2 protein chains.
Amino acid sequence: MHHTTLKDIAAKLGVSTSTVSRALQGHPDIHPETRELVLKTAREMNYQPNAFAQNLKKKRSNTIGVIVPQVKHFFFAEIMAGITDVAYRAGYNVFISQSNEDYQREVINLQAMVAQRVAGLLTSLSSSTTSCSHLEALVQRGVPLVCFDRVCEGFKGVSVIVDDYDGAFQATQHLINRGYRRIAHLAGPQNLSIGHQRFAGYRDALVKSGRPYDPSLVVFGGLNEEDGDAGFKQLLKQSPQLPDAIFCVTDPVALGAYQNIKQMGLKIPQDIALVGFSDNPIGALIDPPLSTVRQPAYEIGETAAKTLLDLIEHPESIEKNQTIVLKTTLIVRQSS
Amino acid sequence: MHHTTLKDIAAKLGVSTSTVSRALQGHPDIHPETRELVLKTAREMNYQPNAFAQNLKKKRSNTIGVIVPQVKHFFFAEIMAGITDVAYRAGYNVFISQSNEDYQREVINLQAMVAQRVAGLLTSLSSSTTSCSHLEALVQRGVPLVCFDRVCEGFKGVSVIVDDYDGAFQATQHLINRGYRRIAHLAGPQNLSIGHQRFAGYRDALVKSGRPYDPSLVVFGGLNEEDGDAGFKQLLKQSPQLPDAIFCVTDPVALGAYQNIKQMGLKIPQDIALVGFSDNPIGALIDPPLSTVRQPAYEIGETAAKTLLDLIEHPESIEKNQTIVLKTTLIVRQSS
DNA sequence: ACTCTTTCTGGGAACGTTTGCGGGAACGTT
DNA sequence: AACGTTCCCGCAAACGTTCCCAGAAAGAGT
């Protein structure tokens, strides 16, 4: 497998590589006639520039790296779709890797990508990550980086998130308006802002409507289905009587609870109402359909990617500490 | 942002870059003492080899490229997980891009990856792709490539697929055994082997049990939910009377039909039974749960990636025309 | 006739590696 | 004392680009 190089073209045409290089990039120094000639032979010889050499010379690549906890989660898959689409249009390639919710692996992946000299980084934290210092260190070193969805509280850098607090507030208020009294919360990790903000929204909605905040109705756990399963069981143990509604930190968690409730022979929403977070398409198809807070996943990916590209190409034009907040919308279905 | 180079280390230690390079790769020519010294200072200076330079020199990268129709489909997301895990363990990076079921974009992505000099390619065809010639051309040129799941009939190259024929056969036979008589099929594109094989399995199961194959009960279409929706409507039009069971080429297609059936006020499986293909987790949660043919998605990704790595690293050890077939298993749930 | 631009092109260094080749020092063998 | 080995190490070329710096040719102005 032989790749034609600048030198090959130059030799064939009897000109120098400099000329060929310049002709190819449309440099004004080159005579239109020779430029056309070069372009033509380049096409004929199926020339494709060697990216290694270009990157080595320019000291940068056109590749961005993405690290997500798990690709198989619909939410992240959809975000990935947004990212790859934007990157594709801008002529960038996308490295992907998953941390599998493991902090160690997150760090290693991060290192590997930096070692590969990616032009920029897009990350969403694993649920076992308790600090953003590893990210902030990179930002310090000048690596363009934007965090999306899962961030640490008070992260110093640019991030794209949704209005978790408001979403949670709306959801809880909705349950209150519906007349539910014992509203429980299966909460996420408090080291991540999504966990913390959603919890805060839940609590404040209660307090604002004059209800007490009852810690026995809250269980802190993870973000996946098995966490919902475990969380619900824990809730049964720790609470003196059954809740009549549960607001869950994510849809997977809600689904974990969902199955428990059904297995217990209880009716949704008559016995227990349920609201999730993130609008997994699965929620619309189950019976009864799951109420949820919609986050625009694809758009998150798009915005994060666009912001990163800005950060790479026009670093001066961008506020280095901003957090872009996208809107959430409450979707009421039969489960509440 | 300054990256330390071999030269930096060499200068600091008063040795040549050759020595540093060799020490780093554990070359026997280097005195153990100096090797240790080099290793130590490299660590101290946080040396990370410049991949561009290495790749340029070695004329190969440690990156593999993956092209899928859509990342957001659970099936592909799970495959991606398998791929990235294997690649990660073997020290490879993963480029990802999606064709969005568009042939043009598939070709362009392919070109871009080759231009980036990926070490190998992993692809699953878009549903609008009717020929494998673009892939076979790459194989000819010596690019390590393995196709997974969606392949053309008679593709000359290595591929990893599941036993689509058998899965479809089992599913149809299951419906026959259950006593259904008018068994319809929402079929996929016949240019792709999954579409063709599943259709063949359906037809042969009917014929083998002594039934006629009735073309009015088959609709050919795409692989996604909207195709199931359209396909079902078409089925109603073209068939003189309602089918009492439908075998769908994929789970998304089945879900498209599913919603139509529910909207018409018909009962599943009493009025119409439904069987899908691929075991999307959504199928287990809807009511009634969807019968389906399970394909081991994660394992497909793993095997495809492993095979590709073999192809890259030990090209001689591998049969260049093989197709690896993984088993499918019928999962019977309440929808049939 | 001369200088001065303008227009185009080539030479060659550099980016950070890897690696073939050669060579000096130390040691043992005749 | 001369020679062959073994053990380390450095020189320098190469990978395919990009781009600074000259420089030749040609036309323009005096």
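Computed from a predicted model, the values in this text were never measured in an experiment. The sequence lines fix the lettering, A, B, ..., with proteins before strands; numbering per chain opens at 1.
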Study note, to complete from the structure: Rounded to whole Å, the CD-C1' distance (E33(A) to dA25(D)) equals 16 Å
Exercise for review: Choose from dT18(C), dG10(C), dT18(D) the nucleotide whose nearest atom is closest to any side-chain atom of T17(A).
Suggested key: dT18(D)
Review point. Quick one: is K57(A) getting a side-chain N or O under 4.0 Å of the dC15(D) phosphate, OP1 or OP2?
Key: no
Revision key, fill the gap. Of dG10(D), dG12(C), dG16(D), the nucleotide closest to the side chain of L56(B) is dG16(D)
Review point. For dG16(C), does OP1 or OP2 lie under 4.0 Å from any side-chain N or O of K59(A)?
Key: yes
Review point. Is any side-chain heavy atom of I64(A) less than 4.5 Å from a side-chain heavy atom of I83(A)?
Key: yes
Point to revise | salt bridge (charged side-chain N to carboxylate O under 4.0 Å, His left out) assessment of E36(A) paired with K40(A) | key: CA-CA 6 Å; E36(A) 284 314 312; K40(A) 180 163 157 289; over 6 Å; no
Check your understanding: Do the side-chain N or O atoms of T5(B) get closer than 4.0 angstrom to the phosphate oxygens (OP1, OP2) of dG16(C)?
Key -> no
Exercise for review: Go through dC9(D), dG10(C), dT9(C) for me and flag the one nearest to the I30(B) side chain.
Suggested key: dC9(D)
Revision key, fill the gap. Taking dC8(D), dG16(D), dG10(D) as options, the one with an atom nearest any side-chain atom of P32(B) is dC8(D)
**Study point:** Distance, nearest 0.5 Å, that separates OH of Y88(B) from CZ of R105(A)
**Key:** 5.0 Å
Practice item. With the side chain of Q54(A) defined as its heavy atoms from C-beta on, choose the nearest nucleotide among dT17(C), dT17(D), dC9(D). Key: dT17(D)
Review point. Where the side chain of L6(A) is defined as all heavy atoms beyond and including C-beta, which of dT17(D), dG12(C), dG16(D) is the nearest nucleotide?
Key: dT17(D)
**Study point:** Phosphate contact (dT18(D) OP1 or OP2) by S21(A) side-chain N/O below 4.0 Å
**Key:** yes
Point to revise | Side-chain N,O (T19(A)) to OP1/OP2 (dG10(C)) below 4.0 Å | key: yes
Review point. Across the strands shown, which category fits N50(A) at heavy-atom distances under 4.0 angstrom: base, sugar-phosphate, nothing?
Key: sugar-phosphate
